[in-house]
Q: 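Structure in structure tokens, see below.
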Amino acid sequence: MQIFKEQVAQHLAPLLDWEPSQVVDALEIPPNSKMGDLAFPCFPLAAKLRQAPPRIAADLAERLELPQVVEKVQAVGGYLNFFLKPTVLAQQVLEAIQEAGDTFGNSEQGVGKNIVIDFSSPNIAKPFGVGHMPTTVLGNSISRLYTALGYNVIRINHLGDWGTQFGAMIVAYLKWGNNDPLTEDAIGKLYRLYVKFHQEEEKEPSLRDEARAWFNRLEAGDEEATRLWKLFYDVSLKNFRRTYDRLGIEFDHYTGESFYVDKVEDALERVKAAGITEISDGALVVPLGDDLPPCLLQKSDGATLYATRDLAALFYREAAFNPERIIYVVALDQSLHFQQLKLVLEKMGLPLADALVHVPFGLVKLPTGKMSTRRGHMVLLDEVLEEATARVAEIIAEKNPHLPNKEEVAEQVGIGAVIFNNLKNGRMRDIIFDWDEVLNFDGETGPYLQYTHARCRSVLRRSGQQEFTLPADLTGLTDEAAQQVLKRLSQFGEAIDKAAQTYEPSTVSRYLLDLAQDFNRFYNTCRIIGEDPAVEASRLALVDAVATVLRRGLYLLGLAAPEQM
RNA sequence: GCGCCUGUAGCUCAGCUGGAUAGAGCAACGGACUUCUAAUCCGUAGGUCAGGGGUUCGAAUCCCUUCAGGCGCGCCA
């Protein structure tokens with residue numbers, strides 16, 4: 001709609017003595033297409049012009065010189081409603097999409113700017129549970145959205161590969177691991193050791209001291225501790241990479257917390273030099289006033305903490321990537337931590353404070369309550385992906401048994417369903433994990449979008465044509481259903497912009513669901529192949545455009561767009 | 001106790017930088033496949049937008065307050 005808003009604004013702005021961009025912002029899409037395609041509310045003008053809004057609307061309707069695209073204007077109540085010419089609308093939208101292809105909806109606002117995004121960041125030696133899906137798929141989608149806006153995006157997987165927990169892992173492995181080389185089912189074994197440690201720890205609190213001691217040895221560079229840590233690290237990363245491959249997600253850097261171990265000292269010095277630290281109960285802290293609890297940087301035993309390593313990471317990233325923004329896609333329960341980091345940077349007088357953006361999201365819970373890795377109360381991601389893929393395979397066997405490369409499609413659709421499930425709603429909501437919901441492929445789901453795309457591709461394939469150029473006569477696209485699709489297509493760029501600005505991929509999800517529904521309605525009302533040649537050609541061009549936008553939108557969310565399913 | 005988040009149809013959720021009769025999906029019921037993939041579409045039914053104040057020409061949307069739920073609050077990450 002942006003292109004149409006601009007054309008209307010060009011003509012309307014002079015009458016109001018406004019900037020065209022102000023008019024663009026004020027223009028709305030009416031709730032009902034019978035009221036028009038665009039609307040300008042005149043209420044805000046009433047006070048200044050000392051006239052009733054309906055009068056202003058009527059007056060503007062009379063004086064306005066209509067732009068090319070506009071068929072007529074109508075003053076209704078306090079609104080000035082614009083009706084676009086159906087064929088011109090079709091022409092402008094479809095030409096724009098054919099010209100831009102996969103770059104349709106993109107912009108160049110971010111060209112020359114860097115953005116660092118920190119997401120997924122699972123813990124070494126722990127299984128990848130469904131609880132890790134939100135950060136993983138949100139981060140991936142946000143990365144793609146900003147790339148579409150022209151930014152150079154640096155994706156970082158800040159692995160949880162350091163901390164006292166590794167002391168615990170080492171203790172458990174030494175006590176009950178039987179020196180297992182961990183060549184198979186490594187994560188499973190490590191996970192069981194981890195759970196066992198926390199069970200035993202209840203009975204034998206001295207284990208906690210042993211774990212702390214081992215972590216201290218690790219921080220001191222002790223050979224045995226490092227060897228074991230490296231073993232856990234290697235087998236875990238191998239496992240994670242397999243999962244990321246399956247999800248189609250890549251990172252530029254796997255720089256976890258351990259990467260910053262040798263940078264922590266400098267970071268600490270830097271904070272101390274700013275003169276904002278103090279010693280409290282033997283620990284080094286930055287007091288943050290009455291509103292926030294102090295930020296703890298060094299434990300009384302000298303060991304570093306999460307916040308210390310995060311500060312070191314911030315300093316490093318600033319120097320290495322010169323980012324305009326550093327985005328952290330991390331659960332809502334860590335809001336306080338990021339508030340503290342930001343305030344520490346502010347107190348140091350660093351502009352870096354403004355670059356830090358925390359993108360929070362709600363927790364994934366089980367119907368029985370919060371997930372807990374320690375207590376083994378969780379659902380494995382692999383298990384979910386397997387189940388979804390198997391269920392899709394069944395449906396394919398039933399509905400489309402002759403489909404080529406069934407396994408590949410089943411994987412794409414099954415995984416698409418799981419990813420979309422995590423991206424269709426606003427990220428702030430808590431998610432109660434529900435098998436029925438994950439394995440449902442009807443309605444507002446990833447498979448629905450993929451199906452609609454495959455349906456488009458199928459029509460194009462059956463047309464026997466390769467190119468779908470626009471005919472001169474576009475009257476085949478004047479039906480209500482086709483017009484609705486065209487208007488929706490024209491809003492893709494706005495959806496991308498909004499999704500990126502608000503770090504909310506669900507905006508794109510919702511847009512795609514609307515587009516798919518509009519298209520399916522059109523598909524069910526209008527025949528495409530076998531109509532009069534001009535009608536067929538124009539409708540094929542529309543189908544082609546829908547396929548392009550759906551494929552592109554699915555990509556931005558991280559879903560595959562199979563040709564058939 | 002303090003702070004952050006959430007509360008919209010039976011269920012899951014859109015809409016929230018204020019705008020015209022509050023929208024989808026699931027579930028229920030009734031329709032549409034000799035025709036481009038029915039993982040689709042159409043129709044029916046379903047709502048004190050948690051409650052109460054306020055701001056405004058106009059409030060689901062902004063402000064205040066109460067209630068309910070989630071999360072967090074110095075040596076975990």
Side-chain angles (χ1 to χ4, degrees), chain A residues 25 28 30-32 35 39 41 43-44 46-47 52-53 76-79 81 121 123 160 162-165 168 257 280-285 290-301 303 305-307 309-310 330-337 339-340 360-363 365 370 392 395-396 398-400 403 413 417 424-426 428-432 434 436-437 440-452 454-463 501-502 506-507 509-510 513-514 516-517 519-531 536 539-540 543 564-565:
Chain A
D25 289 342
E28 302 171 2
N32 187 326
M35 300 168 167
F43 308 97
V76 179
Y79 290 92
N81 292 336
S121 310
N123 291 321
W162 207 250
T164 324
Q165 47 172 328
E257 293 184 70
S280 167
D281 294 334
L284 184 73
V285 306
D290 296 334
D291 296 335
L292 288 181
C295 181
L296 205 56
L297 293 180
Q298 200 171 25
K299 302 204 278 189
S300 44
D301 67 0
L305 288 151
Y306 182 48
R309 297 190 283 274
D310 254 2
V330 177
L332 182 62
D333 56 7
Q334 287 185 46
S335 294
L336 178 60
H337 166 71
Q339 263 183 57
Q340 291 177 313
F361 53 86
L363 269 52
K365 288 184 239 175
K370 200 177 167 181
V392 170
I395 295 175
I396 290 175
E398 175 194 324
K399 306 198 175 200
N400 200 354
L403 179 72
V413 175
K424 91 172 142 182
N425 294 330
M428 295 307 280
R429 287 181 175 281
D430 286 347
I431 299 171
I432 310 289
D434 178 356
D436 288 343
E437 204 183 300
N440 170 39
F441 307 135
D442 296 331
E444 299 176 327
T445 65
Y448 171 65
L449 298 178
Q450 292 171 318
Y451 173 79
T452 306
R455 186 176 238 187
C456 289
R457 297 300 305 165
S458 173
V459 172
L460 297 174
R461 207 164 40 240
R462 281 179 181 260
S463 76
Q501 265 168 36
T502 55
S506 66
T507 302
S509 308
R510 292 286 156 188
L513 289 171
D514 288 338
Q517 193 167 39
F519 174 77
N520 283 315
R521 202 166 284 157
F522 162 75
Y523 179 91
N524 272 280
T525 18
C526 300
R527 182 77 205 168
I528 300 157
I529 294 170
E531 293 294 287
E536 177 180 303
R539 289 182 178 169
L540 283 171
V543 174
Q564 297 180 57
M565 63 185 267

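Labels below follow one simple rule: chain letters A, B, ... track the order of the sequence lines, proteins then strands, and each chain is numbered from 1.
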Q: Nearest to the A:R429 side chain among B:G7, B:A20, B:A39, which nucleotide is it?
A: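 Nearest to the side-chain atoms of A:R429, counting from C-beta on, is B:G7.
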Q: Side chain of A:L305 only, please: which of B:C36, B:C76, B:G70 is the nearest?
A: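 Looking only at side-chain atoms, A:L305 lies closest to B:C76.
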Q: Return the nucleotide paired to B:U34: Watson-Crick means purine N1 to pyrimidine N3 with N6-O4 or O6-N4, wobble means G-U with N1-O2 and O6-N3, both under 3.5 Å.
A: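 Per the H-bond distance test, none.
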Q: Side chain of A:S280: nearest nucleotide among B:G70, B:A77, B:G74?
A: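 Looking only at side-chain atoms, A:S280 lies closest to B:G74.
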Q: Among B:G72, B:A39, B:C41, which is the nearest nucleotide to the side chain of A:F441?
A: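 That would be B:A39.
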Q: Looking across every strand, which nucleic acid part, if any, lies under 4.0 Å from A:A39 by heavy atom: base, sugar-phosphate, or nothing?
A: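 A:A39: base contact, heavy atoms under 4.0 Å.
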Q: Among B:A39, B:C5, B:G25, which nucleotide sits nearest the side chain of A:M428?
A: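 Output: B:C5.
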Q: Using a 4.0 Å heavy-atom cut-off, does A:V543 contact any base of the nucleic acid, only the sugar-phosphate backbone, or nothing at all?
A: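 Nothing, no nucleic acid heavy atom in range.
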Q: Over all strands shown, is A:A52 touching base, sugar-phosphate only, or nothing at heavy-atom distances under 4.0 angstrom?
A: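 The answer is nothing, as A:A52 stays clear of every strand by at least 4.0 Å.
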Q: Looking at B:C49, which nucleotide sits across from it as a Watson-Crick or G-U wobble partner, both distances under 3.5 angstrom, or is there none?
A: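 In the structure as shown, B:C49 has no Watson-Crick or wobble partner.
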Q: For atom C1', what is the distance between B:G46 and B:C26, given to the nearest Å?
A: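 13 Å, rounded to whole Å.
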Q: Regarding A:T445 and A:N440, do their side chains bring together a donor and an acceptor under 3.5 Å, going by distance alone?
A: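 No pair is found: no donor N or O on one side chain lies under 3.5 Å from an acceptor on the other.
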Q: Contact class for A:A283 vs. all strands (heavy atom < 4.0 Å): base, sugar-phosphate, or nothing?
A: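 Counting heavy atoms under 4.0 Å across all strands, the contact made by A:A283 includes a base.
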Q: Using a heavy-atom cut-off of 4.0 Å across all strands, would you classify A:R539 as base, sugar-phosphate, or nothing?
A: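 Counting heavy atoms under 4.0 Å across all strands, no contact is made by A:R539.
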Q: Taking the side chain of A:L332 as its heavy atoms from C-beta onward, which of B:G70, B:G72, B:C41 lies nearest to it?
A: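 Side chain of A:L332 sits closest to B:G70.
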Q: Using the side-chain heavy atoms of A:Y523, tell me which of these nucleotides is nearest: B:A20, B:A38, B:U12.
A: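 Closest nucleotide among those given: B:A38.
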Q: When we call it a touch if two heavy atoms are under 4.0 Å apart, what does A:P293 touch: a base, just sugar-phosphate, or nothing?
A: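 Sugar-phosphate contact only.
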Q: Determine the contact category for A:N81: base if any of its heavy atoms lies under 4.0 Å from a base atom, sugar-phosphate if only primed atoms, P, OP1 or OP2 are that close, otherwise nothing.
A: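 Base: the residue A:N81, judged by heavy atoms under 4.0 Å, touches a nucleobase.
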Q: Choosing from B:A77, B:G70, B:U37, which nucleotide comes nearest the side chain of A:Q165?
A: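 Given the options B:A77, B:G70, B:U37, the side chain of A:Q165 is closest to B:A77.
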Q: Should B:G7 form a Watson-Crick or G-U wobble pair with both distances under 3.5 Å, which nucleotide is its partner?
A: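 The base-pairing partner of B:G7, which may sit in any strand shown, is B:C67.
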Q: Could you work out which one of B:U40, B:A77, B:A24 sits closest to the side chain of A:Q334?
A: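 Selected nucleotide: B:A77.
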Q: Tell me what A:L297 touches on the nucleic acid: a base, only sugar-phosphate, or nothing, going by heavy atoms under 4.0 Å.
A: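 Since no nucleic acid heavy atom lies under 4.0 Å of A:L297, the category is nothing.
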Q: Starting at CG of A:L460, measure out to CZ of A:R457 and round the result to the nearest 0.5 Å.
A: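 The CZ atom of A:R457 is 5.5 Å from CG of A:L460, to the nearest 0.5 Å.
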Q: Need one value for A:Y448: base, sugar-phosphate or nothing, where a base atom within 4.0 Å counts as base even if backbone is also close, heavy atoms only.
A: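 Counting heavy atoms under 4.0 Å across all strands, the contact made by A:Y448 is with sugar-phosphate only.
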Q: Contact class for A:E257 (heavy atom, under 4.0 Å): base, sugar-phosphate, or nothing?
A: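 It contacts sugar-phosphate atoms only.
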Q: Reckon A:I528 touches a base, only the sugar-phosphate, or nothing at all at heavy-atom distances under 4.0 Å?
A: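 Base, at least one base atom sits under 4.0 Å.
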Q: Give A:P53 one of three labels, base, sugar-phosphate or nothing, depending on what nucleic acid heavy atoms sit under 4.0 Å from its own.
A: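 Answer is nothing: A:P53 stays at 4.0 Å or more from every strand.
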Q: Heavy atoms under 4.0 Å, any strand shown: does A:T164 hit a base, just sugar-phosphate, or nothing?
A: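 Sugar-phosphate only.
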Q: For B:C73, which nucleotide in any strand shown is its Watson-Crick or wobble partner with both distances under 3.5 Å?
A: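 Its partner is B:G1 (Watson-Crick or G-U wobble, both distances under 3.5 Å).
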Q: Given B:G25, B:C13, B:U35, identify the nucleotide with an atom nearest to the side chain of A:R510.
A: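 Selected nucleotide: B:C13.
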Q: Please tell me if A:K424 has a side-chain N or O lying less than 4.0 Å from either OP1 or OP2 of B:C26.
A: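 A:K424 to B:C26 OP1/OP2: no side-chain N or O under 4.0 Å.
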